[in-house]
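Have a look at the structure below, then the notes.
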Amino acid sequence: MTSADDSQPGDIRSGNEAIEAAEVRAKQTGDVNLPEWGDLPVAHDTANLRQGADLHPGLLGLLPLVGIWLGEGEGHDPVTGKDYPFGQQIIVSHSGENYLNWSSRIWRLDDDGGLDRPDLRESGFWRISDDDNIELLLAHAEGWIELFYGRPLNQTSWNLTTDVVIRSETGQHAGGAKRLYGLVPDGDLAYVEERVDTDGDLTPRLSAKLKRYAG
């Protein structure tokens, strides 16, 4: 697996190139969005920048993340010490407020590429300040919450490091982490995560490349 310190998620493309490629992909993804349930007095969440509420102007530094992303990656099991393939869905949505909603679920794959079993799941919120300081607050189904801080590396890549990790009484052990997200030349979303293990070493944990399904 790659490291967040010695590997970028592909060749990160310029903002203009990413926009041009997005126009081509929009022919397949531009009409897909999250379902809407009932009549709400507030805006529905949208994972499609062409539909729903306008993106808050304070989120322009995170705009390329918005969408529904599906793909596969490789994980490292800290208990067994073995690598394993996984599938993943990430949903990044908004409702016009000055934050992004984040939802990720991972399932392990067997040797034939079929479902082995459910794996990691997390949800949270992205924020970015006027001077480009990023906050990512996550809650994990495995029993911990964590706060990442970071900054954009350019218009289409973002580097984050944990400031605090809090585990519940029944939660799994989790050390601090680094994450690097970025759009690669074909428009996919790629990332690598490294996490501190029980020996205190920062080791590869997750990496994946996800295609845009909506947005």
Side-chain angles (χ1 to χ4, degrees), residues 1-9 12 45 56 58-66 69 73-81 83-84 86 88-95 97-108 118-154 156-183 189-208 210:
M1 295 177 64
T2 55
S3 162
D5 290 328
D6 59 22
S7 175
Q8 300 287 325
I12 304 303
D45 290 341
H56 191 284
L59 296 175
L60 293 179
L62 301 174
L63 180 152
L65 287 170
V66 176
W69 307 88
E74 184 178 78
H76 180 78
D77 192 320
V79 177
T80 66
D83 295 339
Y84 62 92
F86 66 78
Q88 185 173 19
Q89 177 195 71
I90 292 177
I91 299 175
V92 187
S93 63
H94 74 97
S95 59
E97 302 298 322
N98 196 14
Y99 58 85
L100 295 181
N101 310 305
W102 174 270
S103 175
S104 168
R105 62 189 307 179
I106 289 175
W107 51 96
R108 297 197 185 200
D119 198 33
L120 305 173
R121 191 163 187 173
E122 64 186 35
S123 61
F125 303 95
W126 289 67
R127 302 176 187 273
I128 185 168
S129 66
D130 292 339
D131 54 357
D132 285 342
N133 289 315
I134 298 172
E135 301 173 354
L136 173 58
L137 178 63
L138 294 178
H140 296 261
E142 295 72 34
W144 75 85
I145 58 175
E146 59 189 345
L147 176 62
F148 287 83
Y149 286 109
R151 293 184 63 83
L153 296 178
N154 53 44
T156 55
S157 64
W158 307 266
N159 194 32
L160 304 164
T161 303
T162 49
D163 180 67
V164 63
V165 179
I166 302 175
R167 185 181 62 162
S168 70
E169 290 185 0
T170 60
Q172 297 178 8
H173 170 81
K178 289 185 177 181
R179 291 186 180 183
L180 174 63
Y181 292 93
L183 297 190
L189 176 64
Y191 75 90
V192 293
E193 178 191 283
E194 295 176 309
R195 192 168 287 274
V196 175
D197 61 20
T198 54
D199 294 326
D201 298 322
L202 190 64
T203 60
R205 180 65 178 92
L206 301 168
S207 62
L210 313 174

(message) Would Q172 and V79 count as a side-chain contact (heavy atoms from CB on, under 4.5 Å) here? Give the steps.
(response) CA-CA 11 Å; Q172 297 178 8; V79 177; over 6 Å; no
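- With rounding to the nearest 0.5 Å, the separation of CG in L210 from CG in L183 is 11.0 Å.
- For the atom pair CG of N101 and CD1 of I91, the computed distance is 10.0 Å after rounding to the nearest 0.5 Å.
- Between P152 and I134 there is a side-chain heavy-atom pair separated by less than 4.5 Å.
- More than 12 heavy atoms of other residues, nucleotides or ligands shown are found within 6.0 angstrom of CZ on R108.
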(request) Given side-chain hydrogen bond (donor to acceptor under 3.5 Å, both in side chains), test D201 with T203 step by step and report yes or no. (result) CA-CA 6 Å; D201 298 322; T203 60; over 6 Å; no
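- The backbone N or O of R121 sits less than 3.5 Å from a side-chain atom of E142, completing a donor-acceptor pair.
- Between P204 and H76, the shortest heavy-atom contact is O-CB, 3.5 Å.
- Panel note: side chain R205, backbone D197; no donor-acceptor pair is recorded below 3.5 Å.
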(request) Go through L153 and L180 one step at a time and tell me if the side-chain contact (heavy atoms from CB on, under 4.5 Å) criterion holds. (result) CA-CA 9 Å; L153 296 178; L180 174 63; 3.5 Å; yes
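- Here the side chains of F86 and L120 are not in contact, with every heavy-atom distance at 4.5 Å or above.
- Scanning both residues, G175 and V165, for their nearest heavy atoms gives O-CG2, 3.9 Å.
- Taken from CG in L65 to OG in S157, the straight-line distance is 10.0 Å, to the nearest 0.5 Å.
- Considering every non-hydrogen atom in both N133 and R151, the closest pair reads OD1-NH1, 2.9 Å.
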(request) Under the side-chain contact (heavy atoms from CB on, under 4.5 Å) rule, what do L59 and V66 come out as? Steps first, then yes or no, please. (result) CA-CA 10 Å; L59 296 175; V66 176; over 6 Å; no
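- What you find for G61 and W158 is that their closest heavy atoms are O-NE1, 2.9 Å.
- Y191 and W69 have their aromatic ring centers separated by at least 6.0 angstrom.
- When each of L136, I128, V92 is paired with L100, the side chain to side chain contact (heavy atoms under 4.5 Å, CB included) condition holds for V92 and for no other.
- The structure places CH2 of W107 at 11.0 Å from CG of D119, a figure rounded to the nearest 0.5 Å.
- Remark: D163 CG to L147 CG distance equals 5.5 Å, nearest 0.5 Å.
- Distance check: E146 CD to H140 NE2 gives 3.5 Å after rounding to the nearest 0.5 Å.
- The backbone N or O of L160 sits nowhere less than 3.5 Å from a side-chain atom of R179 that would complete a donor-acceptor pair.
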(message) Quick one, W102 with E122, criterion side-chain hydrogen bond (donor to acceptor under 3.5 Å, both in side chains). Give me CA distance, side-chain angles, the key distance, then yes/no.
(response) CA-CA 8 Å; W102 174 270; E122 64 186 35; 2.9 Å; yes
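- When all heavy atoms of R195 and A174 are compared, the closest pair comes out as NH1-CB, 4.2 Å.
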(request) Test W126 against Y181 for ring pair (Phe, Tyr, Trp, His ring centres under 6.0 Å), laying out the working first. (result) CA-CA 13 Å; W126 289 67; Y181 292 93; 5.8 Å; yes
